[in-house]
Amino acid sequence: MELTFVGALLIKKTAALIASGKPTLVGPLYSYLALEHKTPAARQALVRRMREAMIKCIILNGIPIVMEAFVSLAAVERPEDREHGFTRQGWQADEKNHKRGLDVLNILYKGENDRIWGTFGAYRDIRKIHRYPSRIWLDLLIYLGCPPTYHMSELVILPAIMCQNLKMATHWHLRGCLRVGISRDEVEEIQSVIHAIAEACGKNLNKIGSISDVEDDH
């Protein structure tokens, strides 16, 4: 899937609605956007984008809220517009998965993994859950049956975390956006859209910093 500006906008809007607690607005969002997509093939391409964002949100926001988003979307689709593909067909939690997950951890957090895990203190359960299964879910998050799409993944991860008003994790992924090649100006624009959606959904993101708070890598 080639990531266009419109596709990027759609991905972050879908994720922001879910993370802001408004999954039932995903269907109306699709209905509005579908007006500009004149053929079933075009509407199916639109659905593929939205579906990918929703699948990624399962990992970041939980299954129940994403189930509501899928129900909302399915309720407004016309039969001829339904997309029957299965993006993750063939995905396996195997050694290749393990390596891809480690690669993502190293890109996003670089040499800070041990320090981050150390902040969990004596709570070994969360350290174990974060350190080892994260290699699996990170790979599942980026996997599209094609080369890893780090940009697309960060465009879901950032709003999905930021709309939960999580200061520390948002900071990590603002920095992660820079590390996968998104410019500071682009991240600032992305953040402004997320803030606008969250505010419209009644969320107050009062704990979240900005990209200006993120230091440059040296």
Side-chain angles (χ1 to χ4, degrees), residues 8-29 49-73 101 104-105 107-109 112-113 115-117 119-121 123 125-131 133-142 150-180 182 186-214:
L9 196 63
L10 172 61
I11 287 169
K12 63 190 176 191
K13 283 182 176 179
T14 303
L17 285 175
I18 291 170
S20 294
K22 301 293 184 181
T24 57
L25 292 182
V26 169
L29 173 64
R49 288 287 187 202
M50 299 184 75
R51 179 185 66 195
E52 183 57 31
M54 291 190 287
I55 290 293
K56 293 179 189 300
C57 283
I58 289 175
I59 297 164
L60 299 158
N61 304 113
I63 291 175
I65 195 168
V66 177
M67 288 175 64
E68 291 206 14
F70 272 109
V71 170
S72 173
L73 177 57
V104 179
L105 283 173
I107 289 171
L108 296 181
Y109 304 121
E112 296 180 288
N113 285 311
R115 183 186 65 79
I116 291 170
W117 293 324
T119 62
F120 299 140
Y123 297 103
D125 298 85
I126 186 61
R127 182 183 177 108
K128 188 84 168 180
I129 290 168
H130 183 273
R131 185 168 186 172
S134 65
R135 300 174 186 177
I136 295 174
W137 64 254
L138 274 168
D139 181 62
L140 181 60
L141 191 63
I142 65 169
Y150 301 131
H151 285 66
M152 185 188 298
S153 296
E154 280 300 305
L155 289 174
V156 175
I157 294 171
L158 183 62
I161 289 174
M162 182 175 155
C163 289
Q164 296 179 70
N165 207 21
L166 301 173
K167 179 179 179 179
M168 182 172 61
T170 297
H171 182 86
W172 291 342
H173 285 281
L174 286 170
R175 186 178 57 195
C177 286
L178 298 179
R179 287 177 173 173
V180 300
I182 304 174
E186 289 170 332
V187 177
E188 185 175 3
E189 181 181 351
I190 290 165
Q191 268 203 292
S192 68
V193 172
I194 297 169
H195 270 291
I197 293 172
E199 184 177 344
C201 292
K203 299 277 287 190
N204 180 17
L205 305 186
N206 59 347
K207 298 178 182 178
I208 302 303
S210 71
I211 190 62
S212 62
D213 300 318
V214 179

[atom1]/[X] to [atom2]/[Y] distance, rounded to the nearest 0.5 angstrom?
{"X": "L73", "Y": "L25", "atom1": "CG", "atom2": "CG", "result": "12.5 Å"}
{"X": "H195", "Y": "I190", "atom1": "NE2", "atom2": "CD1", "result": "12.5 Å"}
{"X": "F70", "Y": "I18", "atom1": "CZ", "atom2": "CD1", "result": "7.5 Å"}
{"X": "E186", "Y": "L178", "atom1": "CD", "atom2": "CG", "result": "10.0 Å"}
{"X": "L158", "Y": "T170", "atom1": "CG", "atom2": "OG1", "result": "6.5 Å"}
{"X": "I58", "Y": "M67", "atom1": "CD1", "atom2": "CE", "result": "9.0 Å"}

- With the side chain counted from C-beta on, respond yes when M162 and H173 share a heavy-atom pair under 4.5 Å apart, and no when they do not. no
- Task: Keeping to residues at least two apart or across chains, list the side chain to side chain donor-acceptor pair (under 3.5 Å) pairs with something in residues 20-29.
- Result: none
- Residue pairs meeting salt bridge (charged side-chain N to carboxylate O under 4.0 Å, His left out), one or both in residues 164-175, sequence neighbours left out, come to E112-R175, R175-E215
- So which heavy atom on M54 is nearest to which on V26, and how close? SD-CG1, 3.9 Å
- Query: Which heavy atom of P23 sits nearest a heavy atom of S72, and at what distance?
  - Reply: O-CB, 3.8 Å
- Query: Taking only residues two or more places apart in sequence, or in another chain, which ones meet Q164 in a side-chain hydrogen bond (donor to acceptor under 3.5 Å, both in side chains)?
  - Reply: none
- Task: For V193, check side chain to side chain contact (heavy atoms under 4.5 Å, CB included) against everything at least two apart and list the hits.
- Result: L9, K12, I197
Name each donor-acceptor pair under 3.5 Å that joins a side chain in residues 201-211 to protein atoms two or more places apart or in another chain, with its distance.
unit_1, atom_1, unit_2, atom_2, d
K203, NZ, C163, O, 3.1
N206, OD1, N165, ND2, 2.7
S210, OG, S212, N, 3.3
S210, OG, S212, OG, 2.6

- Trace of the side-chain contact (heavy atoms from CB on, under 4.5 Å) decision for L174 with Q191: CA-CA 9 Å; L174 286 170; Q191 268 203 292; 3.6 Å; yes
- Message: Between R179 and E154, is the side-chain contact (heavy atoms from CB on, under 4.5 Å) condition met? List the steps.
- Response: CA-CA 10 Å; R179 287 177 173 173; E154 280 300 305; over 6 Å; no
